[in-house]
Amino acid sequence: MKKTIIVLLMALCTVCVFAQTTAADYRAAAEAGNAEAQYNLGRCYQLGRGVERDRTKAFEWCLKAANQGYADAQYYVGFYYRRGWGVEQDAAKGESWNDKAAAQGNKLALSFQANKAYNDASESHDKGDIDKAIAGYTTAVKLNPEHSDAYWRRAIAYMNKGDYDKAIPDYTQVIKLSPEASNAYYFRGFIYSNLDKHDLAINDYTKALELGLSDENTASAYNNRGWAYFEKGNYDKCIDDCTQAIKADPNFVYSYGSRAEAYLKKNNIGGALSDYSKIAQLTVEDKNYNKDLLTYNMGAISDTENTNTCAGAAVYMEMQVGKFLGQDTTRYQSMLGHITARGNVTQGEIEGFVREGIAAVVDAEFSKVYFMIDKNYNAELSYNSTTKKYLLIYEGVSDIDEIIASSLSDLRTKMTNTRDFTAAGVNATMKEAEVIPLVVYTEWKQKGVAGGTDAIALVKEAITSFFLNPNKNTYSALTGISARFWISLMYQMNSLVDAADTAFLGSLQTLSSVLWDKVTSDINNMTANAMAKIPNDTRYNIFSMNK
């Protein structure tokens, strides 16, 4: 190690000495025939050190040294010939002199040869001759082991051939030479994913995201890391990453498909339906619509019957809304036919899943309330009627946290123990728990309010009827419910009605953003009082009541 350091210092000193010397320091020795002095004098003429810049004299003095076999001079003579500096340009002579310098191990000459091999390889690569390109890149890295671009392009060439195992060392070498090369981590992560090395893939995608990627690759990296988590059975992290991918690129269709499958694994039918609906919408808008791509995005290439049925249900629902709005639904029909054929599911099974999906979405939306705690935390409080547990999710200054409680008293205790909330904030949360629509409407039914109407069942009936048979009457049931909420809020602000209205519109938006747009637009532009009288069914009065 000490010897290496000494040699390095000597080399640095040599550079420093040349930087401080001028032509006068070398002239006598050069004229006496000393090759090193001739070379240095030539460089002085090139750089204007102690003399006026003169490329012709720079070439002549370097040529004298080159003819004596001085490697550095041979490189520069080749350089002058290639550039036409001080001599008539001659590329062939330039390469010949460069080869002589390279044969003596001159690093600049070797680097030139490496670049030439790299350029020739890149040309072959662009023409589709992958094997010839790989051979050229290999020559380039042999000549210049620090040629990062050659490793990079060879890795891509190996990927083109499907030789993933050979591409990995090249990306690793790129990272070694350029530790901030985020795309090298990204592509190596992609290879690890394809080789089912999910932990390694997750590590590389994480590093790539930390270093920073283009918007397109950012979405892809989050999506791919999310799918790696999916393969490991960590569906929550898959959902989180796919959500980040969608934030980076709202039209990144693959992430909707990945997230939908993760939602299904967690039995979140509403989330899956919403994502598949978004895929259907993006596919309809895509001028380059491709059935195989659709199948991949929908997850219908899997053997999971639930996936195919859910995807089919989402397309079916978008098709029904399109029919009601008088739109051309040819593509939706084509998609639906493709999914049923590939997924081996029937129209009846899809319609059954529509009912099941709507019920799940309504239950999920009506079981939660949104509010602010202590004017600092955006919060969502939900009640799971199956497990009988409360879930409080709150967004703090820099993170999202949650509390799971078996009862409201348990929730109060846990909120207090976190010390995140004031006493007033805890009390406000308890107050919000009293207006969770699903809980309140269930109590109303048991108490016989409005004749014992099951409000949640009525919402499900209205939405389901529209999607299975979209017409003026079934649509009026939806606007009738929304109008009743709107009027109640207009005359008297009521926390329950506000929460129920949010839940109802949230259900529509989850199931079909197009339908949500239509209902909210009509409520804003039409006479709500008249709409609230339709349908003429006393059961709907429950949506106007302030208890």
Side-chain angles (χ1 to χ4, degrees), residues 1 3-5 7-12 14-15 18-19 36 39 42-43 46-47 62 65-66 69-85 89-127 129-161 163-188 191 211:
M1 177 61 74
K3 182 177 179 181
T4 302
I5 294 174
V7 171
L8 178 59
L9 288 174
M10 289 176 63
L12 290 173
T14 300
V15 173
F18 177 76
E36 182 178 0
Y39 161 73
R43 294 280 283 142
Q46 179 187 339
L47 299 173
C62 279
Y70 196 78
D72 288 352
Q74 290 173 336
Y75 166 76
Y76 275 102
V77 167
F79 176 83
Y80 295 147
Y81 268 121
R82 294 195 304 274
R83 292 291 183 89
W85 285 8
Q89 190 173 22
D90 190 324
K93 286 185 178 180
E95 287 195 27
S96 177
W97 277 108
N98 191 88
D99 290 344
K100 291 178 181 179
Q104 296 193 67
N106 180 272
K107 288 187 176 181
L108 290 175
L110 289 169
S111 180
F112 173 80
Q113 289 185 332
N115 287 336
K116 183 178 185 303
Y118 170 79
N119 292 333
D120 291 343
S122 295
E123 186 176 341
S124 297
H125 199 165
D126 294 339
K127 291 179 179 179
D129 192 339
I130 305 301
D131 290 331
K132 187 175 181 180
I134 290 173
Y137 296 136
T138 300
T139 298
V141 296
K142 284 182 178 178
L143 291 167
N144 181 7
E146 297 184 357
H147 202 305
S148 181
D149 288 343
Y151 287 113
W152 176 267
R153 290 279 285 178
R154 189 172 68 175
I156 294 174
Y158 281 134
M159 288 179 68
N160 292 153
K161 287 173 63 69
D163 290 340
Y164 291 142
D165 287 327
K166 292 181 179 179
I168 289 174
D170 278 353
Y171 282 126
T172 301
Q173 188 65 19
V174 172
I175 292 169
K176 181 179 178 181
L177 294 170
S178 306
E180 302 299 310
S182 58
N183 281 326
Y185 285 103
Y186 168 80
F187 282 108
R188 193 174 67 175
I191 293 175
L211 292 171

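Numbers for residues simply follow the sequence, beginning at 1.
Other residues, nucleotides and ligands contribute at most 12 non-hydrogen atoms within 6.0 Å of the CD atom of E146.
At a threshold of 4.5 Å between non-hydrogen side-chain atoms, the residues Y118 and Y137 count as touching. Counting heavy atoms from C-beta on, the side chains of H125 and N160 come closer than 4.5 Å. At least one side-chain heavy atom of I134 sits under 4.5 Å from a side-chain heavy atom of K161. The shortest side-chain heavy-atom distance between F79 and W85 falls under the 4.5 Å cut-off. Side-chain contact check for W152 versus D170: every heavy-atom pair is 4.5 Å or farther apart. In this structure, the side chains of T172 and K176 stay at 4.5 Å or more apart for every pair of heavy atoms.
Here the closest non-hydrogen pair linking Q74 and G69 is NE2-CA, 3.5 Å. A pairwise comparison of heavy atoms in C62 and A73 identifies O-CB, 3.4 Å as the closest pair. P145 and L177 make their closest contact through O-CD1, 4.1 Å (heavy atoms, listed as atom of the first residue, atom of the second, distance). Taking both residues in full, the closest heavy atoms of A140 and A150 are given as CB-CB, 3.9 Å, listed atom of the first, atom of the second, then distance. Across all non-hydrogen atoms, the minimal contact from A167 to I191 is CB-CD1, 3.6 Å. In plain terms, the two heavy atoms of R153 and S122 that are nearest each other are NH2-O, 3.6 Å.
Distance check: D90 CG to R82 CZ gives 11.5 Å after rounding to the nearest 0.5 Å. Taking OH of Y151 as the reference point, atom OG1 of T138 lies at 9.5 Å (rounded to 0.5 Å). Atom-to-atom distance recorded for Y185:OH and R188:CZ is 6.5 Å, nearest 0.5 angstrom. Rounding to the nearest 0.5 Å places CZ of R154 at 9.5 Å from OG1 of T139. Taken from OH in Y81 to CD in E95, the straight-line distance is 14.0 Å, to the nearest 0.5 Å. Atom CZ in F112 sits 13.5 Å away from atom CG in N144 (nearest 0.5 Å).
A donor and an acceptor atom, one from each side chain of Q46 and Y76, are nowhere located under 3.5 Å apart.
Checking side-chain atoms of N119 against main-chain N and O of N115 turns up a donor-acceptor pair under 3.5 Å. In this structure, the side chain of S111 does not engage the main chain of K107 through any donor-acceptor pair within 3.5 Å. N106 contributes a side-chain N or O that, together with a main-chain N or O of A109, makes up a donor-acceptor pair within less than 3.5 Å.
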